Engineer: 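Sharing a structure below in structure tokens format, with a few things to ask.
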There are 2 protein chains.
Amino acid sequence: MPLERIVDAAISLVDEQGAEALSMRSLAKRLDSGTATLYRHFGSRAQLVDHVVDAVLGGIDLDGGAAAPSATWQQSCATAAHAMFDTLARHPNVATLLTERIPVGSNAMRQREFMINTLLAAGFDPALAARAYATLARYVLGFAIQIGASAGAESLPSPADAPPGRHPATAAVAAYLPVPLASEFGFGLDLILEGLTGLLARTADRSGRQAP
Amino acid sequence: MPLERIVDAAISLVDEQGAEALSMRSLAKRLDSGTATLYRHFGSRAQLVDHVVDAVLGGIDLDGGAAAPSATWQQSCATAAHAMFDTLARHPNVATLLTERIPVGSNAMRQREFMINTLLAAGFDPALAARAYATLARYVLGFAIQIGASAGAESLPSPADAPPGRHPATAAVAAYLPVPLASEFGFGLDLILEGLTGLLARTADRSGRQAP
DNA sequence: ACCTGAACACCGTTCAAGT
DNA sequence: ACCTGAACACCGTTCAAGT
């Protein structure tokens with residue numbers, strides 16, 4: 001029983017029936033096998049989930065737009081972040097699994113290397129590059145986790161449910177809520193990258209003034 | 001059996017033994033009762049979780065610093081966001097429950113009204129206020145969800161685990177990783193608020209030019 | 001060597017029966 | 001009216017026994 005066959009079956013199961021349908025029993029049945037066989041390949045259900053998540057993250061193509069030589073560092077970061085978000089959005093039920101296990105597979109490591117390399121090349125010093133990467137990664141992950149949740153029900157509670165007169169400000173903007181998650185994601189990502197651009201400029205100014 | 005007693009017992013159980021220890025059986029046992037009794041108060045475990053989350057969110061004090069008349073809108077938003085994050089950080093295991101249920105209780109609604117009201121008063125038009133609120137709320141929620149995950153294990157995989165020569169950029173900043181989650185949160189929040197400040201200024205410029 | 005049925009100790013939810 | 005034991009249909013994990 002090749003490991004890849006198990007992982008592929010698990011992804012199909014989650015795509016079709018949701019993250020909560022991925023049990024060792026249901027997966028074993030889909031493979032015409034028993035649960036004990038699965039435990040010959042994975043020490044626990046958590047390890048299986050790690051493989052499922054990393055297999056999906058492997059579908060991200062960094063060598064496309066994100067790594068284009070003509071791209072600015074902001075474009076590279078934005079493209080990489082969107083690629084990860086979009087890939088998980090294509091598997092919303094797999095995204096839900098991110099709440100169980102934070103990615104630790106080799107594809108997640110590849111993503112990390114790409115982003116940190118981009119930031120260092122842009123001129124961020126190592127300490128700031130680490131902070132910038134951490135915030136970006138956490139931002140993407142935080143939104144990705146909520147893809148699954150917002151897929152089923154309305155993402156955030158609809159303002160229509162609010163008591164009539166008690167929430168006037170909410171009522172005033174109710175026509176514009178809820179904002180689609182993908183739109184929120186891009187909006188906030190641009191704000192963060194704009195903030196980082198300002199931060200980098202101030203850092204460069206200071207070191208420029210000190211050195212010569 | 002008062003409902004408040006059940007919710008308090010559930011919070012204690014989660015605080016002490018983790019989110020996964022909150023089962024209808026374990027909670028019933030702690031209350032010297034049976035599972036069927038709990039179903040007289042909550043239609044499902046999910047409804048119980050909603051009450052637990054909202055009870056914790058009720059501990060957030062918006063009337064303190066966030067609503068101070070002297071505060072700028074950036075300070076009000078930052079204080080409110082930090083208050084929510086800090087409250088959940090004090091109950092890391094409850095924060096994990098946010099992955100199961102997005103907050104829909106009255107305390108979450110109060111938070112929403114406060115933030116939207118702050119943005120409208122700052123001069124954001126309703127459409128932009130809705131987007132800004134949505135992004136901020138999602139940002140806080142995304143980080144809050146990860147509090148529990150980062151409490152147990154190392155938040156993101158330690159760079160020490162990486163293959164030696166294959167990730168040079170990661171190795172170059174390894175000394176600065178992992179960044180503590182609370183620090184990442186504040187860093188990214190400031191970047192977003194800075195970005196919103198620029199956006200508001202540009203909006204005001206344009207409408208100023210058009211009107212007179 | 002590789003696989004598996006059956007078992008153990010759990011789940012959420014329901015319902016007839018008790019007080 | 002309010003509560004509950006017991007049942008139903010599930011879990012993750014393990015292990016002795018099979019091939």
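The chains referred to below are lettered A, B, ... by the order of the sequence lines, with proteins before strands, and numbering in each begins at 1. Quick caveat, the model's predicted, so the values are computed rather than measured.
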Engineer: Determine whether the aromatic ring centres of residues A:Phe185 and A:Tyr139 are separated by less than 6.0 angstrom.
Structural biologist: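 Yes, close enough.
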
Engineer: Hunt down the Watson-Crick or G-U wobble partner of D:dT19, both distances under 3.5 Å, from any strand shown, or write none.
Structural biologist: C:dA1

Engineer: Separation of A:Leu38 atom CG from C:dT4 atom P, in whole Å?
Structural biologist: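 That distance rounds to 10 Å.
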
Engineer: Does B:Thr37 have a side-chain nitrogen or oxygen under 4.0 Å from the phosphate oxygens OP1 or OP2 of D:dT4?
Structural biologist: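 Yes, such a contact exists.
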
Engineer: When the nearest nucleotide of DNA chain C is assigned to A:Asp32 and to B:Ala21 on a heavy-atom basis, which residue is associated with the more 5' position?
Structural biologist: A:Asp32

Engineer: In this structure, are over 12 heavy atoms from other groups packed under 6.0 Å from A:Glu4 atom CD?
Structural biologist: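 Result for CD/A:Glu4: open.
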
Engineer: Please figure out whether B:His41 or A:Ser26 has its closest DNA chain D nucleotide nearer the 5' end.
Structural biologist: B:His41

Engineer: A:Gln75 side chain to A:Ala71 main-chain N or O, any donor-acceptor pair under 3.5 Å?
Structural biologist: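 Looks like no, no N/O pair under 3.5 Å.
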
Engineer: In whole angstroms, how far is the P atom of C:dC11 from the CD atom of A:Glu20?
Structural biologist: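 After rounding, the reported distance stands at 19 Å.
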
Engineer: Using atom CG of A:Leu22 as one end and atom P of D:dC10 as the other, report the distance to the nearest whole Å.
Structural biologist: 16 Å

Engineer: Provide the Watson-Crick or G-U wobble partner of C:dC8, both distances under 3.5 Å; none if there is no partner.
Structural biologist: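 C:dC8 is paired with D:dG12.
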
Engineer: Could you state the CG-P distance from B:Leu27 to D:dT4, rounded to the nearest angstrom?
Structural biologist: 13 Å

Engineer: Scan nucleotides 13-19 of chain D nucleotide by nucleotide, 5' to 3', and note B when protein non-hydrogen atoms come under 4.0 Å of the base, S if they reach only the sugar-phosphate, - if neither.
Structural biologist: BBB----

Engineer: Report yes if at least one side-chain N or O of A:Ser23 is closer than 4.0 Å to OP1 or OP2 of D:dC11; otherwise report no.
Structural biologist: yes

Engineer: In whole Å, I'd like the distance from the CD atom of B:Glu100 to the C1' atom of C:dC11.
Structural biologist: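 Between C1' of C:dC11 and CD of B:Glu100: 13 Å.
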
Engineer: For the pair A:Glu113 and B:Arg166, find out whether any cationic side-chain nitrogen is under 4.0 Å from an anionic carboxylate oxygen.
Structural biologist: no

Engineer: Is any side-chain N or O of B:Ser33 closer than 4.0 Å to OP1 or OP2 of D:dC3?
Structural biologist: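 Looking at the OP1 and OP2 atoms of D:dC3, neither is under 4.0 Å from any side-chain N or O of B:Ser33.
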
Engineer: Quick check against the 3.5 Å criterion: does B:Ser33 have a side-chain atom that pairs as donor or acceptor with the backbone of B:Lys29?
Structural biologist: no

Engineer: Rounded to whole Å, how long is the line connecting atom CG of B:Leu3 with atom C1' of D:dC3?
Structural biologist: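 It is 16 Å, rounded to the nearest whole Å.
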
Engineer: May I ask you to decide if A:Asp54's main-chain N or O and A:Asn107's side chain share a donor-acceptor pair within less than 3.5 Å?
Structural biologist: yes

Engineer: Determine whether A:Asp50 and A:Phe42 make a side-chain contact, defined as any pair of heavy atoms from C-beta on separated by less than 4.5 Å.
Structural biologist: no

Engineer: How close or far is atom C1' of C:dC3 from atom CZ of A:Arg5, stated in whole angstroms?
Structural biologist: 14 Å

